[in-house]
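See structure below.
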Amino acid sequence: MTAFSVFFCDAERCSIQPVRAMDPDHAIAKVRSQVPQLRRVAVVPDALLEGVDPQQLLQEWIQARV
């Protein structure tokens, strides 16, 4: 299993959840099972986040919303 960070928004908030999953789709499915009202979601392998502030990335992701 690979470590992923799942960035998501639901009706109430936006957040990041760490997940161990087989692939990005599996990571989304795991989060969706806990947060069924997902409105927006992105998955990033943790290996790509090395040296990056996940909270800052979350803020940028929220602001990039179109």
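Quantities reported herein were computed from a predicted structural model and do not represent experimental measurements.
Taking both residues in full, the closest heavy atoms of Arg40 and Ala64 are given as NH2-C, 4.2 Å, listed atom of the first, atom of the second, then distance. Nearest heavy-atom pair, Ala11 versus Arg39, reported as atom, atom and distance to 0.1 Å: CB-NH2, 3.6 Å. Nearest heavy-atom pair across Ala27 and Ala21 is N-CB, 3.5 Å.
Asp46 is linked by a side chain to side chain donor-acceptor pair (under 3.5 Å) to Ser5, counting only residues two or more places apart in sequence or in another chain. In this structure Glu50 satisfies the side-chain contact (heavy atoms from CB on, under 4.5 Å) test with no other residue, sequence neighbours excluded. Taking the side-chain contact (heavy atoms from CB on, under 4.5 Å) definition, one finds that Thr2 meets it with Phe4, sequence neighbours left out. Ala29 meets the side-chain contact (heavy atoms from CB on, under 4.5 Å) test with no other residue; sequence neighbours excluded. Remark: Pro54 engages Ile16 in a side-chain contact (heavy atoms from CB on, under 4.5 Å) (not counting sequence neighbours).
Side-chain atoms of Gln56 and Glu60 include a donor-acceptor pair closer than 3.5 Å.
Val31 is not connected to Met22 by any chain of hydrophobic side-chain contacts under 4.5 Å among Ile, Leu, Val, Met, Phe, Trp and Tyr, and they are in different clusters. Val52 and Val19 sit in two unconnected hydrophobic clusters of ILVMFWY residues. Membership requires side-chain heavy atoms under 4.5 Å apart, directly or through other members. Cluster membership check: Leu38 does not share its hydrophobic cluster with Phe7, using side-chain heavy-atom separations under 4.5 Å among Ile, Leu, Val, Met, Phe, Trp and Tyr.
Sorted by first and then second residue, the side-chain hydrogen bond (donor to acceptor under 3.5 Å, both in side chains) pairs involving residues 25-38 (not counting sequence neighbours) are Gln17-Gln34.
Paired with Phe8 under the rule side chain to side chain contact (heavy atoms under 4.5 Å, CB included), one option of Val43, Val41, Leu58 passes, and it is Val41.
The distance from the CG atom of Asp23 to the CE atom of Met1 is 10.0 Å, given to the nearest 0.5 Å.
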